[in-house]
Structure formats: structure tokens, C-alpha cells
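A, B, ... follow the sequence lines: proteins, then strands. Residue 1 opens every chain. Any value given below was found using the heavy atoms of this structure, including those in side chains, with hydrogens, waters and symmetry copies removed.
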Amino acid sequence: MHILALYICAMKYDFREIELNAKVKWQEQEAYAVKEDPTKPPFYVLDMFPYPSGAGLHVGHPLGYIASDILARYKVMMGYSVLHPMGFDAFGLPAEQYAIQTNRHPEETTRENIERYRQQLELLGLGYDWNRSVTTSDSDYYKWTQWIFLQLFNHCYHSKIQKPVPIEKVSEYFEQCGTKDAPFFGNPHEEFTPKEWLAFSKEKQSDVLMHYRMAYQADAWVNWCEALGTVLANDEVKDGFSERGGHPVERKRLKQWFLRISAYADRLLLDLEELNWSAAMKEMQSNWIGKSEGASLAFKVANSDLMLEVFTTRPDTLFGVSFMVLAPEIAMLPELVKPGFEQALDYAKQASNRSERERQAGSEQVTGAFTGSYAVHPISGKELPIWVGDYVLAGYGTGAVMAVPAHDARDFKFAKAFDLPIVPVVEIPEGESLPYESKDGEIMNSEFLNGFQVKEAISAMLAHLEEKKLGYRTVNYRLRDANFSRQRYWGEPFPIVYTKGIATGVPEQCLPVELPHMDDFKPTGRPESPLNKAKEWTNLPHGIRETDTMPGFAGSSWYFLRYMDPKNQNQFASGSALSYWKQVDVYIGGTEHAVGHLLYARFWHKFLYDLGYLPVNEPFKRLVNQGMILGRSNLVYRETATGRFVSAGLVPSSKKGFQSLHVDVNAVQDDALLPEQVLAIFPDARPHLLVLEDGVLKCGVEIEKMSKSKFNVVNPDAIVEDYGADTLRMYEMFLGPIEQSKPWNTQGIEGVNKFLRRVWRHCISEEGHCILDSGHAEPAALKSLHTLLKRLHQDIESMSMNTCISAFMICLNELLDQNCKSIDVFRPFSLALSPFAPFIAESLWEKMGGVGLACKQEFPKVEEKYLIEENFIYPVSFNGKKRFEISLPLSLGVSEIEQEVLSIAETKKWMEGQTLRKVIVVPGRIVNIVLG
RNA sequence: GCCCGGGUGGUGGAAUCGGUAGACACGCAGGACUUAAAAUCCUGUGGGCAGUGAUGUCCGUGCGGGUUCAAGUCCCGCCCCGGGUACCA
């Protein structure tokens, strides 16, 4: 009996056998090998590659991978040569931290994690060509990351021709013209003549040139984290604490590498326009770049030769300036502070030493100090007190502000705090109060600007300033150069050697500079890289190596190019591969990379394009944002006072007096735990401490990010084990639109599993044979099939995979109702299913006598002739309310339809006692009769 | 605070250009098969009211207005949820 049951079961839809069978075939026939086939058009589908963490892949990761796999498989079947690769973003702080915690080497843990990820990805039937995989921590790969860095190091951005030029061009220019009108992007510290330049020492010259390189060094305030022993990027710091670990972060000044992304700010903004990205995504980037147009103008310091330069977007409010404020870090401060006002210097020192955290915490409080100096208003000649305040940022604009308290909220707060004058210069409308920041209104108290509207006044003032040579139009960007140094072990080493203090690039033929293996890679406790401990590596006969390593975004800024030609030993990718694939057609990933990765990748791409290595100037033509799959956490509630575990139904909704504890969702069934489970999970729980409902402890539910720490991670492996990969693939797509975030919930998974079982059972006998016949297909069946195909062609392109799945279900329901057994219908049906459920499709194809691989066949075409309708069922509405339906030939015109409808008894019944006002007929859509 | 998204049955969601709201699926209820269970199949399923019943009827896409023959869809005001961002002069 038991054996018989097993036997029958085996003949049914057995996903294990089906998956194994397909995998073997794909492997034997190298189904996923990607070639540059000149006879086929190229198509490049890219997933954001994962960071292989120790937790493994959870069900949220594959959402995008499955969608892109469906698109890629569909494109293969449509005759494209498709590049759909996968790799690993393996360098970075989390791996290093994990390694330190577990006391193992990151090399080892990273290798293991990658292996685990790869196995999990392979389970899902994703059609990657693993021969093209890249791992950013492989020296074969980071050799080229270093190579690109050297290009940046060796170039300077020329502001006139808007292109990088070799750094030698800069020294040539200095030899001839000095710094006069130098058309180079840089952060110059001084001006000099050609003569002076030639008189500089080698060290001095190299120091000056450093300020012009696209990869340059500069002293900078950095986020030093004592506990992690490393410097963190701004986005790794949240409210003064490290995002990982939550350790306090303070500010320290260090020599750092920077990438001059600011040189590309304008192009990065402008070129957004042509991209097929969501409006939200473009907006995020554009806000991040933060272009603002305004005026730069100089204020003389009274009784001094000093000038204060400020940037303003509101030159129209110039007559409303009542004081000046400088950033605490500004260099000329000591010269401005008058005797008796020395506390301003103390304040500045204190403010610039204060950590981000302290500045943040004290943000409610306005702080500042008077320098004792005055600036002279460039038009009115009035004297304006010069203050220092930490609300002014040294890194933006000139680090100095002309304060217009009446029309700027920050200036207003400052003026109130220190009792400074407030002069309104824009008329304030009824109901509004100071500060009035809107650009609507009429100018007043402003001499020649009085009576102008704000917008007119801005251009009038700009013209006036330029005419009188008091200032000039200028543009400022929020975007700052990217800090490219990390004091960490687990990252790409810089190909830089210091010889007599001069930073020199390692020659190309000496790349890669391999990361030395170190058993002790823990932070040194000083603000420096652990690599400083590897003396045999750092000390060279001719100099000392740079010991900082590159940040996480180094490897991910160009990986999509390496996939095109991953094994190339001579170039990062060959010209032929680059010109064949050109750019990523569709890039799928989460919004969390909106401004980091995506901006840096665009910057590197443009740089390489400018140097002539790439055929196009943007990397990602179309971007699809996948929503996050959220975790559904289970919580148990513990009464703080008594230590009792109380069933969720008995806990007040405010949860007051209760502690919420996460429990592993994989242990919980139907949001409830059995008493013995509670005792097992919480060692200090005792039977008398359990307050149950219906014999169980009911758990609370919360929707939050899936993470190990919240015990709500669901791995795909378990789902594949229970239902098979095809079911998981289709279910993840069936959940809803790809862009939407939603909690993971397996409630509906039976539906898609049932669909696959029904397809199988309908086509394949219990003995495992195809039971379809080759008789003619009925028109109704062909209509169902081609309706499906039409839907698929539309919806796959637009990545609406959820509606594709329901279209499959509708089609199957219809075919089963029609009792269709035609192989001519189910063969194309199976092929169409192949991108979505590749395993079952492969088996069906084989059993139906198909030759070759299903996933390599041509995708079935839509034949419109099967879709032609003769009649349409018109809904007939009265005053917009549908009352009945009538079937009429589609060939009828407007007046014929009207006649037909008005002539039938049903219509007369509804019109009884009312006058006909109007009849609206939309052929093929609706009839609406207006009565009154 | 500002800038984007989004609010549709018990649940996930569908609805091309303003044209039959709730496709498809889950869940639930009832039934068939079975000693029983599982699996499978069939029927019903937005809500209220009336009727034994077929059916009829009113209400219904976060809330309040508006445009229109017709609004989930367009316009105005508001509420709630999610994401981004925050001294950027």
C-alpha cells in the first residue's frame, strides 16, 4: 500500500526528478554559455550583484533575479544574444567585521559565503553563465580596478574641453602660464608664475599637481570610529554612530584619497534626461547633485585688505543682509578676530572639533560668536558684523554666508538668538510671517529694486553686480568629491608607492598590487590601515606602499563592464566585446543604491568613455527598481514586572509594561507557539510563567526588514525543497508588481503550485507519457492560446510578471473547460512557460517530442487572426449605471448600435416614464443612455 | 520640514486612452469521490436591504468637494502609510 502510493506519486508532477533532468540537460548542452554572436542583436540584462553575507540568500534577493531571468530567457527565445551574468561584491567592511567576530580570515569566510550563494542561486534555475562570473576580491578582477584608479590618478579634468587630460598637460601649462587662467579642475592652494613654478622643488611640484589629479589626496575631516578602528563613509554613519555596530564616531583630520566626481556634476545631471529610469530615481540623483544657480559676490572687510566671498541664490535680497556668518573651519578667521573677541577663536576651535554627533544633538540650540570685525555692504556701504556659526558648512560654497534673516529660516534663528537686526525686503503676504522664504512677492526697502517681483529682481541684481564688477553669476553643487580611502584590511590596495614623500603610480605591468595575506588584520587602534602591520609588504627598496585600501564602491563601479570580457588578461575588456554589448539594456536592483553606487558607476563610466575606452557615455539605459520583500516577524510579549510570557490576545494594544521579543519565524506556526517551544527558546521561561490562549502562546506580528537579527529570514532553499523551484519562481512573480515592497507570506503559494500540477497532469499520463493528440486545434483553444501570447509579449517587456502569471492561469482554465487535448496548443503553451518555469517546460517539451532544448526554441508568435472577434457584449448603461448586456456585431457603426439598442424591449422597460436626452455609443466599448 | 511613491473585498492583487470595479489566486463556506484522510473536482463568496426562490434594489476603490453622458483613473482641499533627504545659503 505504502509502496503503491509512492509509485503513483512518482508518476505525478515530480519536481525533483524534473529539476534534475533539466539541470543535466542544460549542463550537457551548455545552455547558458554566452557568445558575442554577430548574427544576433545583443541584449544585456543585469542584476545588482549581491554582497555575500553570512546569512545566505533570503527570499527577497531572488525577486529581481527571477524577473531578470524571465526577461533574459524571453530575449534568448526572441533571437537575441543575451548577456545575463552574476557575480559577487566581496570586499568591504561587513566581511571584515564578520571575520573579526568569528576569528577567521575574510578570504575564507568570503569564499564560503560565495559558494553558499552560488548554490542557492543555482537551485532557482537562473540561467547565468558562471564562466563569466566576477568577484571583486579576486586579484584578476581588482587588477583592473587598480588600473582604472591609475587612470584617474594620471588625469586632470579640463574645464574648457570638458574632458580629462594627462596630468603632464597641467605641468606643461604651469611652465608656460603659471596658474593664470588655468582651465583645470582642482583645489589649488596658491597662485604662482611660470618662473616660480620652475623654481619649485620636485616635491613641491608634485604636491601642487596632486591638487589637480582626478584621484587626489587631501587633508579632510573624516568619521573616525575608535571601536571599528577605521574611517567610515558618510552613509555608514547614522546620527553620530556607525551604522554597523552602533559605535560612536568622532571627527579626525587625515590625509585621504578623493575622486573628483564634482568635475562631472553637470554632465551627471544633464545626462539623466535621456535615461529610462523612474522619475523618483532621477529626482534622487538630481537632488544629490544639488545644482543651484546664483551669484558669487565679495564683501570687503572694513579697515582691512581681506575680502569675504559668499555664494547666494537670492541676490534679490542683498539689501536685506544684516550680518555675515563664517564656518568655524574657515582659514582666515584668526586675521578677522579683533582683540577682545578671542572667544570667537575658542568657539571656532571647539565647534570644528565637535563630532557630527554633538553637532547633530545640539542642532536645536543656535551657537555662534562675534569676531569683532565688520564687512562692508557692496552697494549701500553699511557695516555688517561678521560672526562665526556652526550652521555654516565649510564644505559648501565658500564657507561664508551673507545672512538675510527676514527670508532665510536659519539666518532668522541665528538673528533671533543673538539679537541681530532683521530687515524684510520682500513684501510679506497676509497670513504669512517671518521668515518668509517664498519667491513670490514684491521687493521693498531695496533702492533700485523696489517694485520688482522677486524673479525679475534676481536677474536685475545679477546684471547690476556684473556691470559694477561686484560679483558674477555662478553655479554651486551639493555633490562633493568622493572619499576613496578606507583604513581597512579587506579592500583593494592602492597601486601607489611613496618615494621620498612623492606619491607615484605603480607601473601598469606591475599590476595587480596584491593584498598581502595577514593572519592579524585587526585594526591597529590608530587611524591607519591594518596593512601598516605588514612591514614586508609596505617596505620596498625604493619606497613605501600606500596602506589605505579602496572603499566598497570601487569594485562595484565598473563590474558590469568586466562581465563583457571577464577573462581578459590584457585589458579590462576588449574593444570588440565592449562595442558588441555596448551598455546594460535593463538593470534591476533596489532603490537603496540610488545615489551611491549608481552615481559612482555613471561617473567611472563617463571617465572611461572620455578616455576613449567605451562606445557609449551612460552605463545603464533602463533601470527597474525592485521593491523589498519584507519580513514578517513574530514577537512574544513578556510582562516586565512579573516575567510572565503573555499570549498576544491578552496583551494591551499599547504594549505598555511589556517587552517585545523576536522569535524565529521558522519555529512559529500560524502565529502561535506551543508551551514546550517557548520553554525551549527562552531558557529562563518556566511553565508557571506562561499565560496561554487555547493552549498556545499566540505571537504578535510585525512587518519589517528581513534580517538575521529579527529572526524573520526565510531562505529560498526550504521553499524549493517543499514545492520546487518553478513554483518559487512563479510565486515570487505572482505576489505583485516588481517595484512594490511587500511582506513575505507563503499563504498563496498553493495556487501557483496547483497550476503547475494541473498543466503536468493534463499533458502527461501517470505512466509518464504525453497524452495529448495531434488532431486539429479548435478555434476557441487557439484564441485562448494567442490571447495569452499577446499578453506575454506586452507584459514581459514591461516587467509586469505578475499579470503574466495570471494570464497563464486564465488560459489553462479555458483550455481545461474546452477539454482541449491538442498538442498544437500545449506545445507553444509550454514554450511560453519556459522563461517562467524553465524546469517543467523542459520536461514537457521533451515528452511532447520536442527536439533540442525548450529554452533555446523560438518564442511562439502571436497570430492576430485567432484573436478577431465578431461580436462584442455591450454593457448598456442608463445614466452611467449598467443595467444589462447585449451582444452585437463589432461591424456595426454608431447609429446602427443606437438603433439596435433602442429597439429592444429591455431598453424600453428602463426608459419608461422618462425622456431620452442623449445616447452615447463607443463602438467596441459601451452604450450609455442619458435620461432626464 | 521638504521631495517622491502609495491607500481597491477577509488577504495578495487586476482594471491599456476616463468606458462592465474586484480579473487571477489565497482563504472561507457547502457539495462530490473516499472506511477515513490527503489529493482532485464542482458550486458559492464586496457589503446592506427585500424575497422560499430565480431575482430585485441601494451602497461601494482612504475622506470631503468638483469636472464629465460616464471617475479607482482627471482637478482642488484634507487624512493615513511607505521611501528618500535634511542646516547646501
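A ring-centre distance under 6.0 Å is not found for His407(A) and Phe412(A). Aromatic ring centres of Tyr723(A) and Phe15(A): separated by at least 6.0 Å.
Within residues 313-320 of chain A, the residues that have a heavy atom under 4.0 Å from RNA chain B are, in order of number, Thr313(A). Taking every heavy atom of residues 727-738 of chain A and every atom of RNA chain B, pairs under 4.0 Å involve Phe734(A), Leu735(A), Pro737(A), by number. Residues from residues 401-408 of chain A with heavy atoms under 4.0 angstrom of RNA chain B, sorted by number: Val401(A).
Phosphate contact (OP1/OP2 of C41(B), side-chain N/O of Arg758(A), threshold under 4.0 Å): present. Checking the phosphate oxygens (OP1, OP2) of A25(B), no side-chain nitrogen or oxygen of Asn802(A) falls inside 4.0 Å. A sub-4.0 Å separation between OP1 or OP2 of A89(B) and a side-chain N or O of Ser292(A) is present. Within the structure, a side-chain polar atom (N or O) of Gln740(A) is placed less than 4.0 Å from OP1 or OP2 of G13(B).
In this structure, Tyr731(A) has no side chain to side chain donor-acceptor pair (under 3.5 Å) partners at least two apart in sequence or on a different chain.
Following rounding to the nearest Å, Asp390(A) (CG) and A86(B) (P) show an atom-to-atom distance of 17 Å. Counting to the nearest Å, the C1' atom of A23(B) and the CE atom of Met809(A) are 12 Å from each other.
No donor-acceptor contact under 3.5 Å links the side chain of Arg925(A) to the base of C17(B).
The residue Thr312(A) sits close only to the backbone: its heavy atoms come under 4.0 Å of sugar-phosphate atoms, none of a base. Within 4.0 Å of Trp277(A), counting heavy atoms only, lies no atom of the nucleic acid at all.
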If the sugar-phosphate is the primed atoms plus P, OP1 and OP2 and the base is the rest, what is the B/S/- string for nucleotides 65-82 of chain B, using protein heavy atoms under 4.0 Å? ----BS------------
Pair pattern of RNA chain B in dot-bracket, where unpaired bases get dots and | marks partners in another strand, Watson-Crick or G-U under 3.5 angstrom: (((((((..(((......[....)))((((((.......))))))(((((....)))))..(((((..]....))))))))))))....
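Ring orientation note: the planes of Trp387(A) and Phe414(A) are nearly perpendicular, at an angle over 60° on the 30°/60° scale.
Side-chain contact between Val401(A) and Asp411(A) is present, with heavy atoms from C-beta onward closer than 4.5 Å.
If you check the side chains of Asp481(A) and Ser262(A), you find a donor sitting under 3.5 Å from an acceptor.
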